[in-house]
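The sequence lines fix the lettering, A, B, ..., with proteins before strands; numbering per chain opens at 1.
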Amino acid sequence: MRLAFREALLAFRRTPLMSMLGITTIAFSLFAFGLFGLVALNIREALRLVEDRVEVRAFLVDGTSEEAIAAALGDVAAFPEVREVGYVSPDSALARSREELAEFRDVFDASVLPGSLEIRLREGFRDPVTVQALADRIATYPFIDDVRFGQEWVAKLYRVRTLSVLAGTGLGIVFALVAVLIIGSTIRMAVLARAREIEIMRLVGATNAFVRMPFLIEGVLKGALGGALAVGLTWLTHTGVSRALFETVFFTPAQASLGVLAGALLGFFGSLVSVGRHLRAVWKDA
Amino acid sequence: MSGVLRLDDVTKEYPRTGVALKNVSFTVDKGEFLFLTGPSGSGKSTLLKLLSFAERPTAGEVKVSGFSSATLRDRDIPQLRRRLGIVFQDFRLLTDRTVEANIAFALEVTGTPASSIGGKVGRLLTQVGLASKATSMPHELSGGEQQRVAIARALANDPFLLLADEPTGNLDERATRGILQLLREINALGTAVIMATHDLSLIMRSGYRYLELDRGSLHYDGTDARTLSRHQ
Ligand SMILES: Nc1ncnc2c1ncn2[C@@H]1O[C@H](COP(=O)(O)OP(=O)(O)O)[C@@H](O)[C@H]1O
Ligand SMILES: [Mg+2]
């Protein structure tokens, strides 16, 4: 194992440019994942805050009876999605509007604002589809005039999040493929550079696993380095945006080390696929 | 006498060049010294490759020690190789490291504990008469000395059989005699030796058994040197 490590490190020194290139492409692959992951993470964070405020407001038809309202309150409170439901009378709606929109206080009078049910949702039931379904259900009461919630921009946030996950994954996969190819050709050069040693190893009876080991270690080391680089780049982006534009959140340490691990795996597979092929080519004549 | 290796009606056909060995059968005993001769292209190297399992027979069976070409899996070949020593005409030393590092390499890559490598390398160098050249680089040695290093490396894992493919092909008369003398000493310690050569004088002087190949067929198997001179 020590010997394998020594050989792996030697390979770095033999082909520094190709090694750097391999590390850099792995870093870019994971950086793409990381950036879009960061966007997704922050949108989720924003959604969480926004969702907390997501409420559904059901406006009542004028002159709805007290009994009907009480029955509706009981019904709606029993829905699994609903955390709490309250009744806002036309009077209190007026008072609230005057308070919130002081400039327009004279515009409002009691006859303009209808009474409404104000519904807050449980966590996990705040996505657009669920909210829409609930709104539709409530709208079936005959005394409900109109149901409103912030559908457009909740939906928009969700769409941006989905897009950024897709874009990150797509770009990341392309970079990952390039990384595997580049790691593959570094390994090829490393195998050719060590053709003589490999031939002798085979001659004297080193096992295949033993012969492969330095190349696999080389791949894993490069991959992990690339992963660490990607985490660093993502972190720099995060701090840059936080300073210059707006506060963002970063991955947890566990998520960040997952990035390094992903790099190591990428490097491992890159070497694994190419080492067998190139070793066979070198061994043809041994 | 117990046979360390046996070829049983072995034929080897290469994809492009065709038949290289044809229905070859023979047995080698433990501790025997055997020459292999025949014109260039007659199949000597192919035969040695079959014995080290670098090639598999197209038909027939090759048996070396307990290993049979009929049953041995590729991934078990290293186990056989550790019990063989192999040397070539062109030495095949690693030119970027010292003589002792070349020998140590064979021990390292076959899992010898690091603590016992130094002593073992020293003993091997003494055995081949190069104790004073331990830290020389291969290019600083004569051809005969380089072949001795290669032989020391081949002996690293205490083989029961040493395969030598024209080991003196690149050497002058004096160096050739020295290498042959070394191989005899190794043989005297119990290692069987199979040496391919087209140097007939070596065979005649030794009186050892030899196999003569002719276009892939086993033409002669015996010790009668007069037969040898008649054919050539
Ligand atoms: N790897 C190979 N692929 C195809 N043909 C080969 C290969 N090695 C040897 N041969 C052919 O097999 C025959 C025997 O070659 P070889 O065993 O090298 O003979 P020798 O060692 O006696 O000179 C020759 O005709 C040679 O061209
Ligand atoms: Mg030959």
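B:Arg81 contributes a side-chain N or O that, together with a main-chain N or O of A:Arg202, makes up a donor-acceptor pair within less than 3.5 Å.
Within 6.0 Å of the CZ atom in A:Phe28, the count of heavy atoms belonging to other residues, nucleotides or ligands does not exceed 12. Heavy atoms from other residues, nucleotides or ligands lying under 6.0 Å from NZ of B:Lys63 number 12 at most. The environment of CZ in B:Arg215 is sparse: at most 12 heavy-atom neighbours from other residues, nucleotides or ligands sit within 6.0 Å.
Contacts between B:Asp96 and chain A at a heavy-atom distance below 4.5 Å involve the side chain alone, from C-beta outward.
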Exercise. Should B:Leu94 and A:Glu199 be marked as a side chain to side chain contact (heavy atoms under 4.5 Å, CB included) after you check the CA-CA gap, both sets of side-chain angles, and the distance that decides it?
Worked result: CA-CA 10 Å; B:Leu94 300 174; A:Glu199 186 195 348; over 6 Å; no

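Under the side-chain contact (heavy atoms from CB on, under 4.5 Å) test applied with A:Val204, the options B:Leu84, B:Ile86, B:Val109 reduce to a single match, B:Val109.
Rounded to the nearest 0.5 angstrom, A:Ile200 CD1 and B:Asn102 CG are separated by 8.0 Å. Remark: A:Thr207 OG1 to B:Arg75 CZ distance equals 12.0 Å, nearest 0.5 Å.
Between B:Phe105 and A:Met201, the shortest heavy-atom distance links the atoms CZ-CG, 3.7 Å. Residue B:Pro78 comes nearest to A:Gly205 through the heavy atom pair CB-O, 3.5 Å, listed as atom of the first residue, atom of the second, then distance.
For residues 132-153 of chain B, the interface with chain A (any heavy-atom pair closer than 4.5 Å) comprises B:Arg153, sorted by residue number.
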